[in-house]
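One structure is given below, encoded as structure tokens.
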Amino acid sequence: MGISLYIIYESYGYNKKSAIKIYFIQLLVNSFWTLIFFGFKLYLLGFIWILFLIVLVIIMIVKFYNINKLSGLMNIPYLFWLIFAGFLNLSIVILN
């Protein structure tokens, strides 16, 4: 993620600032998920939060891809990890 952000930072593009902004927003949302899920043990809210995070990451990937294709593609594993984490979160919601 950091390397892809650096690539965007060093690139030329008219949407560069909005792409960097969405990167930091999704990073902040990601950090709050940890607090919601592990800190407060609000599993359903954690699942809803991770769905919101997935949407933000998809937006980020599209913005990065429009500026630099490699930078956008580098975040696909992160998206897959979030989807997997979402399934794990949902499983905990269902089992509790």
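Taking OH from Y9 and CG from N68, the interatomic distance works out to 16.0 Å, rounded to the nearest 0.5 Å. In this structure, L90 CG and L95 CG are separated by 9.5 Å, a value rounded to the nearest 0.5 Å. Between Q26 atom CD and I54 atom CD1 the span is 12.0 Å, to the nearest 0.5 Å. Taking CD1 of I8 as the reference point, atom NZ of K16 lies at 9.0 Å (rounded to 0.5 Å). Summarising the geometry, atom CZ belonging to F32 is positioned 11.5 Å from atom CZ belonging to F52; distances are rounded to the nearest 0.5 Å. Remark: N96 CG to L44 CG distance equals 11.5 Å, nearest 0.5 Å.
Not counting sequence neighbours, the partners of F24 by the side-chain contact (heavy atoms from CB on, under 4.5 Å) test are L5, I20, L27.
Taking all atoms of both residues into account, the shortest heavy-atom contact from I58 to L79 is CG1-CD1, 3.8 Å. When all heavy atoms of I25 and L56 are compared, the closest pair comes out as CG2-CD1, 4.1 Å. Shown here for S4 and S71, the closest heavy-atom pair between the two residues is O-OG, 2.8 Å. Heavy atoms only, all atoms of each residue included: I67 and A19 are closest at CD1-CB, 3.8 Å. Of all heavy-atom pairs spanning I50 and A85, the tightest one is CD1-CB, 3.7 Å. Of all the heavy atoms in N75 and M1, the pair that sits closest is OD1-CG, 3.5 Å.
If you chain together hydrophobic residues whose side chains sit under 4.5 Å apart, V29 and Y43 fall into the same group. Criterion: ILVMFWY side-chain heavy atoms under 4.5 Å apart, direct or through other members. Under it, I61 and L53 are part of a common hydrophobic cluster. In this structure, F87 is a member of the same hydrophobic cluster as I94, with clusters built from ILVMFWY side-chain heavy atoms closer than 4.5 Å. Y65 is not connected to Y6 by any chain of hydrophobic side-chain contacts under 4.5 Å among Ile, Leu, Val, Met, Phe, Trp and Tyr, and they are in different clusters. At a threshold of 4.5 Å between side-chain heavy atoms, the hydrophobic network of Ile, Leu, Val, Met, Phe, Trp and Tyr places Y14 and V62 in two separate groups.
The aromatic rings of F37 and W33 sit parallel, their planes meeting at an angle under 30°, below the 60° perpendicular limit. Using the six-membered ring where Trp is involved, Y23 and F64 have ring planes that are parallel, under 30° apart on the 30 and 60° scheme.
For the 3.5 Å distance criterion, the side chains of N30 and Y78 qualify, holding a donor opposite an acceptor.
Counting heavy atoms from C-beta on, the side chains of L51 and V55 never come closer than 4.5 Å.
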